[in-house]
Amino acid sequence: MFDTLLFDLMLVVLIGILSQWVAWRFRMPAIVVMSVAGLLVGPIFGLINPKESMGELFSPIITFAVAIILFEGSLNLDFKEIKGFSKPVGRIVTVGAFIAWIAGSLAAHYLAGLSWAVAFIIGGLFIVTGPTVILPLLRQAKLKPRPAAILKWEGIVVDPFGALLAVFAFEFIKFLNKEATLTALLLFFAASAFAVVLGWGVARLIGNAFERGSIPEFLKAPVLFALVIFTFVFADEIMHETGLLAVTAMGMAMANMRLTTLNDIRHFKENISVLLISGIFVMLTASLDPHVLIEIFNLRIILYVLAMLFIVRPLSIWISTIGTELNNREKHLIGWIAPRGIVALTVSGYFATILLENGYQDAELLTALTFALVFSTVVLHGFSIGFLAKKLNLTTTDESGVLIAGGTRFGAELAQSVKDTGNEVLLIDQSWAGLSYARKLGLDSFVGDILSEQVEYHIDLTPYRYILAMTKTDIYNAHICADFAPDIGSDYLFQTAFQVGNDVESFTITGGQLLFSPAISIYDLEERMSAGHVIRKTVLTKQYSYTQYLRERDDKSILLYILRAGGMIEFFTPEIERQAVAGDAIIALTSPAKMIERVKERLEEENGEIIIPYAQLEEQFMEDEKMEKPMIPGEAPLSAK
């Protein structure tokens with residue numbers, strides 16, 4: 001309909017980003033939305049055909065995009081973090097990946113009817129499970145830590161190597177078919193080794209330059225972007241298909257150099273990757289030939305997809321995890337969940353072009369076959385992981401873990417009180433200095449931007465039922481609530497009140513609820529901590545009811561949360577009136593003056609008069625606070641002061 005290149009590029013970018021937003025807004029897998037959108041504007045309605053309009057630019061654009069996506073994924077391969085997991089992870093990413101490659105290749109040859117070359121290439125490519133797809137699913141399903149960690153790290157570790165395994169398979173099959181000599185095969189391995197050295201060398205060079213301050217901050221991201229393209233093209237010019245290996249080695253090297261600017265680099269690469277993933281995925285689906293689209297419903301392709309879902313994946317997991325600590329329920333879940341993502345589809349388009357140029361005509365089915373598997377796994381696994389996890393009792397829905405965004409003294413004290421209840425707690429802040437008080441208390445903390453997808457590569461968010469946005473930037477807090485609302489629900493999202501006096505109702509809080517009763521800003525909370533206010537726990541009994549507690553409490557006290565008798569936490573909010581019963585505990589921020597007054601009343605009741613001077617009484621009270629000695633039956637400080 002429209003035949004201008006400019007219009008096609010505009011529509012590709014617009015539809016890609018709009019699809020990402022629709023997926024976020026309605027809690028749908030982004031890859032499904034982008035697939036449908038690309039098919040609608042491409043082969044179905046014929047609005048655009050990027051492959052025709054872009055001509056010779058189409059393949060280089062996809063190639064560059066794949067290189068950047070793989071580099072961005074490789075930036076997350078920190079080997080220290082991988083070593084923290086037990087034996088199953090190592091088995092799955094080695095033995096399991098090999099079994100999946102062989103079994104998937106056999107299925108592609110005998111069921112889909114592909115030649116050995118194409119079959120082994122697609123078999124290697126489909127060992128990936130795609131972190132861009134699996135991470136949102138894990139967050140939505142709220143899996144227990146061990147299965148969530150295994151699925152997460154499998155996606156991260158295996159994802160960059162699927163394309164590399166496909167490259168090696170391609171060269172090896174050419175050698176077996178005598179299309180390449182032994183010398184050519186050895187040269188390929190030599191060129192691959194050179195690509196690794198090149199990627200490592202460029203990473204060391206640019207990493208050291210960053211650390212020495214040789215490159216200004218505003219140029220770091222552009223310089224890195226240019227060097228990724230340079231590394232890819234230079235290696236690929238020496239020997240085709242080794243560029244992917246070079247950028248992967250470059251990303252892995254930088255991930256393990258402990259660069260102080262790595263988080264900023266990851267944030268930039270994440271933004272670029274989101275844009276590229278959105279655009280490239282729409283380009284590929286919109287460029288599908290209607291005839292190829294019909295081939296998706298071919299019986300051979302359907303049989304292949306079924307074999308990958310119900311035979312290849314479970315077989316690779318069950319065999320590779322023999323002798324590990326995984327139980328049968330975990331094996332069932334991990335053996336079913338393996339959604340293929342955007343990297344699989346983009347790289348398959350890359351190899352489809354190469355194979356067709358080398359005379360493998362059956363490679364025409366490669367994109368259709370890949371799309372069928374990607375779409376099937378994302379839909380089936382995306383809509384079944386929550387149900388299956390609950391049936392197998394592998395969810396953390398009964399826990400009350402709390403993630404606190406914002407490194408303040410009050411945030412650390414609140415986290416300590418939550419930790420004392422036996423629930424998981426984690427503080428996250430963009431500044432290392434901001435978490436100093438948390439480190440003094442020995443609390444778990446993480447330096448990073450909670451809104452960055454990169455954070456999910458390094459911390460497991462599934463144990464945390466609640467997210468408290470308590471940074472000193474009110475708008476940022478609102479963005480946190482809005483970002484996580486589709487995944488965890490507004491009932492579990494809270495933020496401190498805006499710093500606008502008492503007129504907090506004049507602001508619309510999107511996605512979350514105001515924290516505490518009454519609502520109060522983080523600045524006021526910090527002032528109260530500096531003035532000596534403390535977090536205290538009061539256990540309710542049949543004799544001392546919740547109504548009596550509310551009647552007698554200090555007017556300046558802030559109700560924080562209720563600790564239910566079973567260990568569950570419910571945070572106070574001005575929008576909802578909480579009720580507590582005997583056996584529950586009220587955790588509140590209280591004034592020392594009120595506690596001193598109650599001690600004086602107690603002494604008057606016992607002795608009839610005050611015989612201790614007030615100054616001495618106050619000093620004694622503060623000393624008791626340090627020693628964590630309860631002053632009144634039923635009340636006790638929750639954390640060390």
Side-chain angles (χ1 to χ4, degrees), residues 17 19-30 33 131-145 148 152 263 266-267 270-271 274 382 385-386 389 395-397 399-408 411 414-415 418 423-430 444-498 507-516 519 522 561 569-571 573 575-576:
I17 297 301
S19 299
Q20 291 273 11
W21 181 85
V22 170
W24 166 82
R25 180 65 180 83
F26 296 100
R27 305 179 67 180
M28 299 174 63
V33 180
T132 57
V133 181
I134 195 66
L135 290 178
L137 297 185
L138 295 180
R139 189 169 61 192
Q140 177 184 342
K142 297 184 181 296
L143 294 183
K144 288 185 177 179
K152 167 186 168 183
N263 287 332
R266 283 172 174 156
H267 186 66
E270 175 187 327
N271 293 334
V274 169
I385 184 172
T395 61
T396 58
T397 54
E399 299 180 5
S400 296
V402 180
L403 189 150
I404 299 175
T408 61
L414 179 65
V418 172
N423 288 290
E424 293 283 340
V425 65
L426 175 71
L427 288 100
I428 180 171
D429 192 90
Q430 298 185 63
D444 292 335
S445 61
F446 181 84
V447 180
D449 181 3
I450 191 174
L451 293 179
S452 171
E453 187 176 320
Q454 296 293 337
V455 168
E456 296 183 65
Y457 288 94
H458 300 283
I459 59 175
D460 182 13
L461 299 179
T462 53
Y464 308 107
R465 186 182 191 188
Y466 296 102
I467 294 182
L468 311 184
M470 297 170 50
T471 72
K472 292 186 177 181
T473 306
D474 295 326
I475 297 300
Y476 183 70
N477 293 337
H479 282 312
I480 293 174
C481 293
D483 189 71
F484 283 92
D487 294 317
I488 70 173
S490 59
D491 291 342
Y492 306 106
L493 284 169
F494 299 89
Q495 78 167 88
T496 48
F498 281 80
F507 287 82
T508 300
I509 309 302
T510 304
Q513 305 175 64
L514 288 175
L515 257 177
F516 311 138
I522 189 63
Y561 62 88
I569 287 177
E570 293 182 13
F571 285 95
T573 176
E575 289 91 355
I576 301 176

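Just so you know, these numbers come straight off a predicted model, no measurement behind them.
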Given side chains that start at C-beta, do those of [X] and [Y] come closer than 4.5 Å, heavy atoms only?
| X | Y | answer |
| --- | --- | --- |
| Y492 | Q513 | no |
| L426 | I404 | no |
| Y561 | L414 | yes |
| F446 | L427 | no |
| I480 | I467 | yes |

Working to the nearest 0.5 Å, report the span between [atom1] of [X] and [atom2] of [Y].
| X | Y | atom1 | atom2 | value |
| --- | --- | --- | --- | --- |
| T573 | F494 | OG1 | CZ | 6.0 Å |
| M470 | I428 | CE | CD1 | 14.0 Å |
| Q495 | L514 | CD | CG | 6.5 Å |
| I576 | D491 | CD1 | CG | 6.5 Å |
| H479 | D474 | NE2 | CG | 11.5 Å |
| I522 | F498 | CD1 | CZ | 13.5 Å |

Backbone N/O of T471 and side chain of N477: donor-acceptor pair under 3.5 Å: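 It does hold such a pair.
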Ignoring hydrogens and geometry beyond distance, is a side-chain donor-acceptor pair present between N423 and Y466 at under 3.5 Å?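 Result is no, nothing qualifies.
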Taking all non-hydrogen atoms of both residues into account, name the closest pair between D429 and G407 and its distance.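 Looking at all heavy atoms of both residues, the shortest contact is OD1-N, 2.7 Å.
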Can you name the nearest heavy-atom pair linking K472 to T408, along with the distance?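 Smallest interatomic distance, heavy atoms only, reads CE-CG2, 3.8 Å.
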Please assess F571 against L468 for the test side-chain contact (heavy atoms from CB on, under 4.5 Å), listing each intermediate value before the final yes or no. CA-CA 10 Å; F571 285 95; L468 311 184; 3.7 Å; yes
